[in-house]
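Reading through the structure tokens given below for one structure.
Note that the coordinates shown come from a computational prediction; the quantities given were computed from them, not determined experimentally. Below, read A as the first sequence line, B as the second, and so on, with proteins coming before strands; counting in each chain starts at 1. All values below were derived from every heavy atom in this structure, side-chain atoms included, with hydrogens, water molecules and symmetry-related copies excluded.
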Amino acid sequence: MRLTSEEVDHIALLSRLDLSPAERERAATELSQILDHFEQLKQLDTADVPPTEHVLPVVNVLRADESRPGLPREGVLQNAPEHAGGMFQVPRVVEAE
Amino acid sequence: MSLSQLSAYQIAQQVQSKKASCREVVDDFLGRIEAVEERVKAFVTVTGDEARRRADMLDRRLASGEDIGALGGVPIAVKDALCTRGVKTTCSSKMLENFVPPYDAHVVERLAVDGAITVGKANMDEFAMGSSTENSAFFPTRNPWDLERVPGGSSGGSTAAVAALEAPLALGSDTGGSIRQPAAYCGCVGLKPTYGLVSRYGLIAFASSLDQIGPIANDVRDCALLLQSIAGHDRRDTTSINRSLPKYLDALTGNIRGLKVGVPQEFFAQGVQGYVSDAVHKAIDKMAELGAEVVEVSMPSTEYALATYYIIAPSEASSNLARYDGVQYGLRVHEMGDDIVQMYSKTRVKGFGHEVQHRIMIGTHALSSGFYDAYYLKAQKVRTLIRRDFEAAFQKCDVLATPTAPTVAFKLGENANDPFAMKLADVCTIPVNMAGLPAISLPCGFHEKMPIGLQLIGNLLDESTLLRAAHAYEQATDWHTQRAVL
């Protein structure tokens with residue numbers, strides 16, 4: 001079943017992808033194809049099957065709540081597209097009153 | 001004989017016995033890279049200067065009587081999905097084109113401790129999504145056996161480097177077959193360890209419940225040698241298994257008398273070509289000749305693995321790749337007046353290639369409100385069925401023998417317009433990641449002068465038996481001694 005253009009717009013927004021109209025059209029076709037392929041799984045009755053959470057029988061991994069040295073601030077900021085005053089710089093998120 | 005013709009094991013011996021210096025070894029391999037790299041294009045970055053400096057440092061330590069480690073002086077290619085401190089790590093993506101990690105991945109630290117020398121960062125499909133290395137944002141890598149063909153993927157640069165003798169060892173990562181399938185296409189030996197055996201700290205994440213780092217080499221012994229170096233507990237990866245490790249080299253006894261080899265018919269369907277099936281069955285016959293007992297097993301859920309994978313892996317990827325937003329590292333596209341959501345969305349559409357965007361959208365949809373139960377939860381339930389098939393099979397046998405890939409390496413561009421044919425390349429490897437099991441691919445024949453891969457699958461944490469079986473078969477044949485001519 002083909003996804004509607006509203007559905008594709010919603011997926012693109014959730015994915016944070018600024019797709020052009022042509023890319024949206026292509027996404028509609030390709031996503032619809034793969035979703036059709038997923039229909040195959042409906043053939044299997046999984047009502048009583050637990051989902052896999054982990055392939056090995058592991059339990060919560062805990063560690064002592066101790067401070068340890070982390071990366072130095074300049075190391076953390078060296079790849080930032082923009083930074084100022086030792087912080088990552090981003091566009092304004094909260095509008096002024 | 002050139003040093004670059006030797007195995008990693010032999011190189012380490014030469015260095016230890018001072019028949020060759022680390023610098024001689026490194027110069028020899030850098031010369032080989034110089035000679036063939038223009039045609040093969042295995043590397044995004046060649047780290048020649050760093051490699052020479054490190055070789056000289058190791059030679060000085062050796063001269064002062066120090067033990068420089070089991071991989072002392074051995075060159076290695078490292079997949080560009082693994083963080084290397086001070087060396088650009090791109091994941092073959094425009095998003096990370098200029099990313100220089102401030103830390104080393106756990107496996108890179110381990111290599112340094114054991115004396116290995118990184119000669120370069122290997123090309124890959126962008127964010128490890130693909131089966132041909134054609135999805136690299138920079139350039140495709142070529143198959144050393146036939147430059148018109150792909151090396152497989154996503155660890156195509158790593159395997160091509162080993163097949164072209166640009167390095168005797170390489171590290172790859174495997175989410176649905178990304179070590180084993182290119183190993184098969186390039187005539188190498190590639191091993192995906194049990195989930196949790198090797199720490200993923202510093203591996204740029206694709207699908208966290210499936211990703212594993214593993215060794216690529218030209219023979220089983222070298223694979224075991226590299227596995228020994230990288231395996232083991234690391235507290236920085238909470239899925240890392242904490243238990244004592246066997247000595248993998250000791251497992252290579254050459255004896256598989258009484259070993260039970262399971263053959264699941266379902267792995268010989270779904271597009272597996274006759275020539276692949278024949279070569280794999282001949283390999284199974286050879287193992288029987290060596291005293292192994294062959295048993296038929298049935299794994300009926302196998303045919304659902306591909307669809308299951310294409311829900312689970314993109315779902316986890318959509319979550320992992322949410323971090324690429326133009327804030328902390330990587331590309332930022334920000335035009336005057338854009339708000340933060342516009343900045344995220346322009347950055348991501350510019351930084352990610354088509355396949356990565358496609359999978360992010362599949363995963364985002366599969367996890368979104370109203371669809372979670374039908375897709376992600378359903379897939380995780382089917383995953384349980386796939387695991388149960390393996391559990392039942394391992395009641396009857398010690399290892400499973402299957403093809404690694406349904407065909408030999410295809411031509412560049414051949415599957416570009418047929419995404420389903422491309423995905424089918426992983427049909428025999430994907431079920432193994434679903435169950436977290438270890439598996440190895442090794443050469444078992446040729447078709448049209450291209451290598452064919454035999455996949456052996458082991459039980460959880462039983463890499464020793466897997467390596468023993470692979471080594472015994474390898475030593476009884478001469479496939480692994482054949483090299484691509486460049």
Side-chain angles (χ1 to χ4, degrees), chain A residues 3 7-8 10-20 23 26-27 30-31 33-35 37-58 60-63 68 70-72 74-83 88-95, chain B residues 98-103 194-196 209 235 238-239 241 301 304 306-308 310-311 318 322 325-332 334 338-346 348-349 352 357-358 360-362 364-365 368 375 377-385 387 419-420 434-437 460:
Chain A
L3 291 169
E7 285 169 320
V8 173
H10 182 62
I11 296 168
L13 175 67
L14 291 179
S15 304
R16 297 290 187 263
L17 290 169
D18 181 31
L19 301 181
S20 69
E23 287 166 334
R26 183 176 177 190
E30 291 179 349
L31 291 175
Q33 275 167 0
I34 195 142
L35 293 177
H37 184 54
F38 295 161
E39 293 298 304
Q40 181 201 15
L41 297 186
K42 288 192 179 153
Q43 296 165 6
L44 288 169
D45 178 10
T46 52
D48 299 321
V49 181
T52 291
E53 276 156 7
H54 201 288
V55 293
L56 288 167
V58 291
N60 276 343
V61 179
L62 303 174
R63 59 170 173 78
R68 290 199 184 91
L71 291 169
E74 58 273 24
V76 174
L77 290 173
Q78 77 185 22
N79 286 289
E82 286 180 72
H83 62 93
F88 297 109
Q89 201 170 8
V90 294
R92 184 192 297 273
V93 179
V94 182
E95 292 301 325
Chain B
N98 300 306
F99 177 64
V100 179
Y103 66 96
T194 302
Y195 184 81
S209 80
R235 63 169 177 79
T238 55
T239 62
I241 298 163
S301 303
Y304 301 97
L306 204 58
T308 307
Y310 275 95
I311 295 173
S318 73
D325 56 5
V327 174
Q328 295 179 38
Y329 37 68
L331 182 76
R332 170 183 288 193
H334 182 217
D338 281 352
D339 66 20
I340 195 154
V341 173
Q342 286 165 324
M343 182 191 89
Y344 293 157
S345 305
K346 287 180 183 176
R348 289 162 63 78
V349 92
F352 293 136
Q357 292 183 21
H358 174 62
I360 287 173
M361 286 191 279
I362 296 169
T364 301
H365 182 62
S368 67
Y375 293 125
L377 187 64
K378 179 78 183 184
Q380 290 287 44
K381 289 179 168 189
V382 178
R383 186 175 180 181
T384 302
L385 297 178
R387 284 173 48 219
F420 196 73
M434 292 288 155
L437 299 165
L460 285 168

- Straight-line distance of A:Leu44 CG to B:Tyr304 OH, nearest 0.5 Å: 4.5 Å
- Message: For chain B, which candidate among A:Val55, A:Val61, A:Val90 shows the most heavy-atom pairs at distances under 4.5 Å?
- Response: A:Val55
- Item | Contact winner vs chain A - B:Val327, B:Val341, B:Asp339, B:Val382, heavy-atom pairs under 4.5 Å | B:Val327
- List the steps and the verdict of salt bridge (charged side-chain N to carboxylate O under 4.0 Å, His left out) for A:Glu39 and A:Lys42. CA-CA 6 Å; A:Glu39 293 298 304; A:Lys42 288 192 179 153; 2.8 Å; yes
- Residue from B:His365, B:Arg383, B:Arg348, B:Gln328 scoring the most non-hydrogen pairs under 4.5 Å with chain A is B:Gln328
- Do B:Tyr375 and A:Leu41 come within less than 4.5 Å of each other through their side chains, counting heavy atoms only? no
- Report the option among A:Pro51, A:Gly75, A:Ser20 that has the most heavy-atom pairs separated by less than 4.5 Å from atoms of chain B. A:Pro51
- Task: Using a cut-off of under 4.5 Å on heavy-atom pairs, state which of B:Ala307, B:Ser345, B:Ser368 scores highest against chain A.
- Result: B:Ser345
- Task: May I ask you to name which of A:Glu53, A:Glu74, A:Gln43, A:His10 has the most heavy-atom pairs under 4.5 Å with chain B?
- Result: A:Gln43
- Message: Looking at chain A, which one of B:His358, B:His334, B:Met434, B:Gln342 has the largest number of heavy-atom pairs inside 4.5 Å, strictly under?
- Response: B:His358
- In Å and rounded to the nearest 0.5 Å, what is the CD to CG distance from A:Glu30 to A:Leu35? 12.0 Å
- Task: Decide yes or no for A:Ser15 and A:Ile11: does some side-chain heavy atom of the first lie under 4.5 Å from some side-chain heavy atom of the second?
- Result: yes
